[in-house]
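Right, one structure below, let's go through it.
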Amino acid sequence: MMEIYILNFDDVWFSVACDCEQIAASSFGSTQQSAIGKILEMIPFDVPFQVFHEPSLFARSALANLKSLYDAKKINLDFSLALSKLPAYTQKVLKATLQVPLGYVTTYGALAKAVGGGPRAVGNIMASNPFAPIVPCHRVVRANFKIGGYGLGGFRVKAELLSREKQGFSEPKEIMVNGRGLEVFPVECVLKSLDILF
DNA sequence: TGCAAACCATAAC
DNA sequence: GTTATGGTTTGCA
């Protein structure tokens with residue numbers, strides 16, 4: 001039985017789908033309806049589920065972490081995400097995306113180079129990212145530092161998330177993901193190229 | 001700038 | 001099997 005929990009913090013609705021103390025999917029939205037709708041899209045039709053407004057202990061901690069992510073706070077990443085049923089390549093991309101630190105962004109192309117495959121394939125995975133915002137797909141942008149797309153609330157939400165993640169970094173750096181380097185850039189690079197500055 | 005072609009794993013038929 | 005589909009990238013006019 002898949003358990004779906006939904007909770008409101010500061011006018012934002014967060015939702016998680018839990019299966020055996022694992023997060024099967026997560027999402028958020030500005031309305032209760034959108035948060036539930038998004039998460040229902042991600043779970044298979046043949047899986048029975050139930051929606052709860054009183055979160056279990058596990059779910060409560062998961063939802064609190066979602067909220068922290070939304071607020072650009074650091075969290076412990078020892079989530080148990082239900083990755084195993086996803087295709088191997090998808091797992092690789094999601095795991096690599098998890099490594100992108102707060103305050104930095106990377107590009108579809110850079111990710112593709114690090115995990116193999118092509119930029120569009122990476123884009124597809126992001127588009128159907130079941131674990132927003134745990135897997136920080138909003139930190140993946142186009143090569144020219146334009147925002148690109150965002151499924152949840154469009155590019156506006158993505159821009160907002162990123163603007164909140166400013167940390168004052170100025171130099172790009174390289175992080176290690178499964179043995180290969182992945183280049184990441186300060187969020188400021190993206191914000192600079194936006195017309196709207198926050 | 002703007003357009004066209006190459007790219008590549010998935011999902012849907 | 002085959003085709004369609006992108007949250008892309010790059011090159012070239």
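Here is the naming used below: chain letters follow the sequence lines, and residue numbers restart at 1 for every chain.
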- request: Go ahead and name the base partner of dC7(B); Watson-Crick or wobble counts if both distances stay under 3.5 Å, otherwise write none.
  value: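 With both distances under 3.5 Å required, dC7(B) matches none.
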message: Under a 3.5 Å cut-off for both contacts, is dG7(C) paired Watson-Crick or G-U wobble with anything, and if yes, with which nucleotide?
response: none
Once you apply a heavy-atom cut-off of 4.0 Å, does [X] come out as touching a base, just sugar-phosphate, or nothing?
| X | value |
| --- | --- |
| G149(A) | base |
| V140(A) | base |
| Y150(A) | base |
| A127(A) | base |
| R120(A) | base |

Between [N] ([atom2]) and [X] ([atom1]): distance, integer Å:
| X | N | atom1 | atom2 | answer |
| --- | --- | --- | --- | --- |
| N129(A) | dT10(B) | CG | P | 15 Å |
| N124(A) | dC8(B) | CG | C1' | 9 Å |
| Y89(A) | dC7(B) | OH | C1' | 11 Å |
| K92(A) | dT10(B) | NZ | C1' | 15 Å |
| Q91(A) | dA9(B) | CD | P | 16 Å |
| I147(A) | dG7(C) | CD1 | P | 15 Å |
| F155(A) | dT8(C) | CZ | C1' | 18 Å |
| R142(A) | dG6(C) | CZ | C1' | 11 Å |

task: Is it possible for you to say whether I23(A) and M42(A) belong to one hydrophobic cluster, with membership spreading through side-chain heavy-atom contacts below 4.5 Å?
output: no
message: Measuring from the side chain of P119(A) (C-beta onward, heavy atoms only), which nucleotide among dT9(C), dT10(B), dA9(B) has the closest atom?
response: dT9(C)
- prompt: Choosing from dT9(C), dT10(B), dC8(B), which nucleotide comes nearest the side chain of A121(A)?
  reply: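 Comparing dT9(C), dT10(B), dC8(B) against the side chain of A121(A), the answer is dC8(B).
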Compare all side-chain heavy atoms of [X] with those of [Y] and state whether any distance is below 4.5 angstrom.
| X | Y | answer |
| --- | --- | --- |
| L162(A) | H138(A) | yes |
| V93(A) | M126(A) | yes |
| F9(A) | Y70(A) | no |
| F52(A) | C18(A) | no |
| Y104(A) | I175(A) | no |

- request: Might you point out which heavy atoms bring I134(A) and L98(A) nearest each other, and give the distance in Å?
  value: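 Smallest interatomic distance, heavy atoms only, reads O-CD2, 3.5 Å.
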field: side-chain contact (heavy atoms from CB on, under 4.5 Å), paired with S26(A), selected from V16(A), L81(A), V135(A), N65(A)
entry: V16(A)
message: For DNA chain C, which residues of residues 96-111 of chain A approach it to below 4.0 angstrom with any heavy atom?
response: T107(A), Y108(A), G109(A)
message: Taking 4.0 Å as the cut-off, does a side-chain nitrogen or oxygen of T90(A) come that near to OP1 or OP2 on dA9(B)?
response: no
